[in-house]
Novice: 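Please read through the structure below; I'll follow up with questions.
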Amino acid sequence: QVQLVESGGGLAQAGDSLRLSCAASGRAFSVSGMGWFRQPPGKEREFVAAITWSGGRIYYADSVRGRFTISSDNAKNTVYLQMNSLKPEDTAVYYCAADRLSALNTVVAGYDYWGQGTQVTVSS
């Protein structure tokens, strides 16, 4: 089992920055990839960014490429999502997820473990 705990969400204004953290515990060494997803109000959960557990490869959704940066610190078993130039449409609950078998997965069903989510609200 892998436990994931997100932190760092909150209120921001358009143009601001926030950094989300996802701390993994348990059998974190068995994970192949990590991902960030978000679920806007009234919408389905959507892919944001993914990274291999080693940090060597990264993939972003078009909507955040150039504004968000995913990174990992294996020594701390933590994955980060640096969000710059935030827009009101970035408002969502952000979830961290872990994939045991593959990396850079962009679909919800591909992930085995999920955090509880952290709210990010961006005002205009």
Novice: Determine, using ring centers only, whether Phe68 and Trp36 are less than 6.0 Å apart.
Specialist: no
Novice: Give, for atom CG of Leu81 and atom OG1 of Thr118, the distance between the pair rounded to the nearest 0.5 Å.
Specialist: 11.0 Å
Novice: Distance alone, cut at 3.5 Å: any donor-acceptor contact between the side chains of Gln119 and Thr121?
Specialist: yes
Novice: Restricting to non-hydrogen atoms, name the atom on Gln13 and the atom on Val122 that form the minimum distance, rounded to 0.1 Å.
Specialist: C-CG1, 3.8 Å
Novice: Are Trp53 and Phe37 grouped together when hydrophobic residues (ILVMFWY) are joined by side-chain heavy atoms under 4.5 angstrom apart?
Specialist: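 No, separate clusters.
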Novice: Taking atom types as modelled and ignoring hydrogens, do the side chains of Tyr94 and Arg38 form a donor-acceptor contact shorter than 3.5 angstrom?
Specialist: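 Result is yes, a qualifying pair exists.
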Novice: Gly33 and Tyr111: which non-hydrogen atoms are nearest, and at how many Å?
Specialist: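 Smallest interatomic distance, heavy atoms only, reads O-CE2, 4.4 Å.
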Novice: Heavy-atom count check: over 12 atoms from other residues, nucleotides or ligands less than 6.0 Å from Arg65 CZ?
Specialist: yes
Novice: Check the orientation of Tyr59 and Phe47. Use parallel for under 30°, tilted for 30 to 60°, and perpendicular for over 60°.
Specialist: parallel
Novice: Do you know which two heavy atoms are closest between Val120 and Met83, and how far apart they sit?
Specialist: CG2-CE, 3.9 Å
Novice: Nearest heavy-atom pair of Ala14 and Ser124: which atoms, and what distance?
Specialist: CB-CA, 4.3 Å
Novice: Would you call Asp90-Lys87 a salt bridge at under 4.0 Å N-O?
Specialist: no
Novice: Quick check on the hydrophobic clustering: are Tyr95 and Ile51 connected, directly or via other members, by side-chain heavy-atom contacts under 4.5 Å?
Specialist: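 As far as the 4.5 Å side-chain criterion goes, Ile51 and Tyr95 are not connected within one cluster.
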Novice: Side chains of residues 100-110: which donor-acceptor partners sit under 3.5 Å, not counting sequence neighbours?
Specialist:
residue	atom	partner	partner atom	Å
Ser102	OG	Asp99	OD2	2.7
Asn105	OD1	Val107	N	3.4
Asn105	ND2	Asp99	OD2	3.3

Novice: Side chains of Arg67 and Tyr60: closer than 4.5 Å at any heavy-atom pair?
Specialist: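 A side-chain contact under 4.5 Å is absent here.
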Novice: In terms of hydrophobic clusters joined by side-chain contacts under 4.5 Å, are Tyr80 and Leu86 together?
Specialist: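 No, Tyr80 and Leu86 fall in different hydrophobic clusters.
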